[in-house]
2 protein chains.
Amino acid sequence: MTDEYRSARRAEIAEAAQAAFRRKGFQATSMAEIMAESGLSAGAIYNQYKGKADIVHDVANRISRQRLDELDELKAQNPLPAPSAVVRALITAMASDLTAPAQLLQVWGEAATDPDLAEMCGKVYLTMRQAHIEYISLWHQREHGLSPEEADAVGVAQAPLFLSAVHGYVVQSTIVPDFDGAAYLDAMEALLPR
Amino acid sequence: MTDEYRSARRAEIAEAAQAAFRRKGFQATSMAEIMAESGLSAGAIYNQYKGKADIVHDVANRISRQRLDELDELKAQNPLPAPSAVVRALITAMASDLTAPAQLLQVWGEAATDPDLAEMCGKVYLTMRQAHIEYISLWHQREHGLSPEEADAVGVAQAPLFLSAVHGYVVQSTIVPDFDGAAYLDAMEALLPR
DNA sequence: AGTATAAAAACGAATGATCATTCTTGACAA
DNA sequence: TTGTCAAGAATGATCATTCGTTTTTATACT
């Protein structure tokens with residue numbers, strides 16, 4: 001069997017598991033449910049994954065990776081809009097998959113007790129933050145004529161707060177019954193500095 | 001047995017369960033671990049709670065309630081600082097219990113798949129938001145001379161973003177290895193409008 | 001006060017269900 | 001024919017919950 005086949009099958013399993021996890025959570029989802037969702041047998045699944053924990057990690061990885069992929073697309077695309085517009089684009093991309101925010105929140109919640117997951121989430125965050133630091137710095141240099149050092153300092157200070165806009169969106173869209181995403185994005189762009 | 005005794009024992013159990021949940025998560029914590037942590041037997045625990053789900057809900061409630069209690073203390077106390085200073089106080093109060101942010105994140109993650117928990121979290125959020133709307137509105141009326149209607153509109157728009165500062169703190173302090181809470185708070189006050 | 005009695009509460013071993021994982025068996029591709 | 005993969009029943013462990021028993025507590029009575 002070819003490598004290509006292997007990874008295709010892993011994707012098949014991971015997608016089924018992701019759907020099941022989304023419904024019941026990581027811990028409360030049984031292997032039997034993943035088997036039912038994927039239509040595969042225990043043997044087929046254990047041929048691809050070491051165990052349930054292995055699947056959980058792979059799915060969490062996928063969910064996080066998707067956010068980084070969106071970041072890459074943004075980087076390749078834009079001229080130089082305000083940082084808040086970048087955050088808007090990031091959130092819009094994420095929210096285009098309606099289940100993505102809740103899934104991210106599930107992963108973060110799990111990371112609170114799983115060191116491996118915490119490390120993965122931390123790495124993803126650091127990549128995100130670094131990209132924002134560089135972007136904010138660049139934007140302040142061009143737009144306000146700051147020196148690279150001054151601009152970097154601004155980026156380091158502000159990047160975590162721009163990312164908080166993402167975190168707030170994730171939490172509120174999952175938890176708040178009457179959450180209005182569009183109004184949230186408008187308020188963010190009005191509030192964050194330019 | 002008096003009602004007082006009953007609630008004292010429930011508190012005893014809930015505190016033990018909370019400690020265990022913090023370590024292993026809600027689902028992965030077994031009744032045996034709650035028994036060990038509390039030093040009580042199965043019978044004693046099942047006399048107070050209907051089952052594990054009952055304990056989970058009670059503990060999640062406690063974790064959320066503590067945040068509302070802090071809000072009440074703030075309301076009783078302050079003259080009229082800027083809204084961002086209120087958010088700082090809220091976060092500082094929360095972070096004074098070092099495990100509180102991670103616990104909140106666990107609850108929110110669980111709420112993504114548990115409708116009862118989601119409803120509870122939603123209610124807590126809505127009272128938080130309402131308090132902030134009123135506060136921001138009041139502050140804008142006094143500080144910038146806005147009419148009540150104008151000021152209310154500002155409050156409705158901005159409150160979710162002020163709360164995002166809390167959500168961002170919760171997520172980042174749990175997930176980010178080198179998170180600097182003090183710098184985060186300073187940046188927030190510098191960034192949010194006055 | 002001291003003791004008997006009844007009720008409540010706690011104990012902890014037993015139970016039955018669920019679950020992750022393994023392993024034997026059969027099918028299929030090379 | 002041989003080696004790989006999938007199937008699915010079997011296994012053994014874990015877990016929430018129950019329940020018969022013991023202990024404690026409150027109360028009534030002498």
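In this text the structure is predicted, and so the values were computed from the model without any measurement. Labels below follow one simple rule: chain letters A, B, ... track the order of the sequence lines, proteins then strands, and each chain is numbered from 1.
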Checklist entry - In chain order, what residues pass the salt bridge (Lys or Arg N to Asp or Glu O under 4.0 Å) check against Asp186(B), with sequence neighbours excluded? => result Arg88(B)

Checklist outcome for this item: Across all chains, not counting sequence neighbours, the salt bridge (Lys or Arg N to Asp or Glu O under 4.0 Å) partners of Arg62(A) are none

Item to check | Distance in Å, Thr127(A) OG1 paired with Leu68(A) CG, rounded so as to fall on 0.5 Å steps | outcome: 5.5 Å

Item to check | Summary of ring-ring contact (aromatic ring centres under 6.0 Å, His included) pairs that have at least one residue in residues 13-35 of chain B, sequence neighbours excluded | outcome: Phe21(B)-Phe26(B)

Heavy-atom closest pair, residues [X] and [Y]:
{"X": "Cys121(B)", "Y": "Val107(B)", "result": "SG-CG1, 3.6 Å"}
{"X": "Pro83(B)", "Y": "Trp139(B)", "result": "CD-CD2, 3.4 Å"}
{"X": "Val87(B)", "Y": "Ala165(B)", "result": "CG1-CB, 4.0 Å"}
{"X": "Gln172(B)", "Y": "Pro160(A)", "result": "NE2-O, 3.0 Å"}

Checklist outcome for this item: Sorted by number, residues from residues 17-37 of chain B placing a heavy atom under 4.0 Å from DNA chain C are none

Measure the distance from [atom1] on [X] to [atom2] on [N] and round it to the nearest whole Å.
{"X": "Asp3(A)", "N": "dT4(D)", "atom1": "CG", "atom2": "C1'", "value": "15 Å"}
{"X": "Tyr5(B)", "N": "dA9(C)", "atom1": "OH", "atom2": "P", "value": "8 Å"}
{"X": "Leu40(A)", "N": "dG8(D)", "atom1": "CG", "atom2": "C1'", "value": "13 Å"}

Checklist entry - Going by an N to O cut-off under 4.0 Å, is there a salt bridge joining Glu37(A) and Arg23(A)? => result yes

Checklist entry - Between Ser173(A) and Tyr184(A), does a side-chain contact (heavy atoms from CB on, under 4.5 Å) hold up when you go through it step by step? => result CA-CA 10 Å; Ser173(A) 69; Tyr184(A) 180 93; over 6 Å; no

Checklist entry - Among residues 41-53 of chain A, which contact DNA chain D at a heavy-atom distance under 4.0 Å? => result Ser41(A), Ala42(A), Gly43(A), Ala44(A), Asn47(A)

Checklist entry - Got a sec? Which of residues 8-16 of chain B come in under 4.0 Å of DNA chain D, heavy atoms? => result none

